[in-house]
A.B. asks: 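After the structure tokens below, expect a handful of questions from me.
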Amino acid sequence: MDAGTETLSFRAATEADATEILALWEQAAENDARAADDRGAVMALLRRDPDALDLAVLDGRIVGSLISGWDGWRAHLYRLAVHPDARRRGIGRRLLARAHDRLSALGATRLDAMVLEGNALGQSLWAAEGYRPQEEWRRWVLPVEAGRP
């Protein structure tokens, strides 16, 4: 396809996008050391905050995503993913700029992102955008088991 004729747009995800989003994440996102994503989780996110999941759409196909979560106090960025066929076109940077604008407008004063230690490609993008590791912090996790309060 001629790059000059492609149409790239950005928009908030809808519930109708859930299957395609999950397929993108399966192919293009970090999936190690984490619970599998599922349709129910995507739907719950969209119901809670319809603007949190931003998409890049190239010629009608979802090729990028970024969740910009805001809890009223802290801002977190998750699931930055760009399809391998659509990389090196500035899509990740544009998704980050959109998230920055959204979260700043909501009152965020600091953004953070979780990136796996082994994700060199992801780390290079975050570093290029001015993000730095915060060495004095360690993430602590507890998987929530079914039926456990």
Side-chain angles (χ1 to χ4, degrees), residues 1-72 74-106 108 110-133 139-148:
M1 175 176 277
D2 178 11
T5 63
E6 296 174 323
T7 302
L8 178 65
S9 61
F10 295 85
R11 64 173 173 81
T14 68
E15 291 185 5
D17 297 317
T19 300
E20 194 173 353
I21 291 165
L22 291 169
L24 171 69
W25 290 348
E26 182 66 31
Q27 186 162 24
E30 293 178 328
N31 293 306
D32 296 336
R34 55 184 315 284
D37 295 304
D38 63 37
R39 184 177 182 79
V42 173
M43 302 297 252
L45 170 66
L46 296 177
R47 284 191 293 272
R48 183 184 177 284
D49 185 350
D51 295 323
L53 179 47
D54 203 24
L55 301 177
V57 180
L58 183 64
D59 290 337
R61 181 176 67 119
I62 296 171
V63 296
S65 73
L66 179 59
I67 297 172
S68 56
W70 172 248
D71 62 13
R74 300 206 188 257
H76 305 285
L77 300 169
Y78 306 92
R79 302 310 263 167
L80 175 58
V82 177
H83 192 280
D85 294 345
R87 291 181 181 157
R88 312 297 295 167
R89 300 179 191 196
I91 292 170
R93 284 187 170 84
R94 288 181 64 186
L95 285 165
L96 282 171
R98 290 170 56 86
H100 182 273
D101 290 348
R102 167 184 142 79
L103 294 168
S104 294
L106 290 170
R110 184 183 81 160
L111 309 180
D112 71 42
M114 291 181 284
V115 184
L116 288 172
E117 289 292 328
N119 183 350
L121 179 63
Q123 288 182 30
S124 67
L125 173 68
W126 291 104
E129 293 302 306
Y131 289 76
R132 299 288 177 255
R139 183 172 177 205
W140 295 59
V141 299
L142 173 68
V144 177
E145 300 168 19
R148 182 178 176 181

A.B. asks: Work out which heavy atom in L111 is nearest to a heavy atom in A108; give both atom names and the distance.
C.D. replies: CD2-CB, 4.1 Å

A.B. asks: Rounded to the nearest 0.5 Å, how far apart are CH2 of W126 and CG of N119?
C.D. replies: 10.5 Å

A.B. asks: Do L53 and L46 make a side-chain contact, defined as non-hydrogen atoms from C-beta onward lying under 4.5 Å apart?
C.D. replies: yes

A.B. asks: Taking the side chain as every heavy atom from C-beta outward, state whether R79 and V42 have any pair of such atoms under 4.5 Å apart.
C.D. replies: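 No. Closest side-chain heavy atoms not under 4.5 Å.
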
A.B. asks: Do T14 and D17 touch side chain to side chain, with heavy atoms closer than 4.5 Å?
C.D. replies: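 Yes - at least one pair of side-chain heavy atoms lies under 4.5 Å apart.
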
A.B. asks: So L8 and E6, do their side chains get closer than 4.5 Å, heavy atoms only?
C.D. replies: no

A.B. asks: Rounded to the nearest 0.5 Å, how far does CD of Q123 lie from CZ of R132?
C.D. replies: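 CD of Q123 is found 11.5 Å from CZ of R132.
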
A.B. asks: Decide if atom NE2 of H100 counts as having more than 12 heavy atoms of other residues, nucleotides or ligands within a radius under 6.0 Å.
C.D. replies: no

A.B. asks: Could you grab the distance from atom CD1 of I21 to atom CZ of R39, nearest 0.5 Å is fine?
C.D. replies: 9.5 Å

A.B. asks: Could you tell me which non-hydrogen atom of R74 sits nearest to which non-hydrogen atom of D71, and how far apart they are?
C.D. replies: N-OD1, 2.6 Å

A.B. asks: On a heavy-atom basis, which atom in A28 and which in R87 lie closest, and how many Å separate them?
C.D. replies: O-NH2, 3.3 Å

A.B. asks: How long is the span from the OH atom in Y78 to the CG atom in D37, to the nearest 0.5 Å?
C.D. replies: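 Answer rounded to 0.5 Å: 12.5 Å.
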
A.B. asks: Return each pair, listed once, that meets salt bridge (Lys or Arg N to Asp or Glu O under 4.0 Å) where at least one residue sits in residues 90-102; pairs must be two or more places apart or across chains.
C.D. replies: D49-R102, D54-R98, R93-E129

A.B. asks: Mark yes when over 12 heavy atoms from residues, nucleotides or ligands other than R47 sit less than 6.0 Å from its CZ; otherwise mark no.
C.D. replies: yes

A.B. asks: Quick one: are L77 and L96 in side-chain contact, heavy atoms under 4.5 Å?
C.D. replies: yes

A.B. asks: Quick one: does V63's side chain get under 4.5 Å of R89's, heavy atoms only?
C.D. replies: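 Contact flag for V63/R89 side chains = no.
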
A.B. asks: Once rounded to the nearest 0.5 Å, what's the spacing between atom CG of L80 and atom CE of M114?
C.D. replies: 12.5 Å

A.B. asks: Determine whether a donor-acceptor pair (N or O, by modelled atom type, separation under 3.5 Å) exists between the side chain of S68 and the backbone of L103.
C.D. replies: no

A.B. asks: Mind checking the CZ-CG spacing from R11 to D51? Nearest 0.5 Å is all I need.
C.D. replies: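 Reported to 0.5 Å precision, the distance equals 12.5 Å.
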
A.B. asks: I need the single residue from L95, V57, L66, L55 that forms a side chain to side chain contact (heavy atoms under 4.5 Å, CB included) with F10. Which is it?
C.D. replies: L95

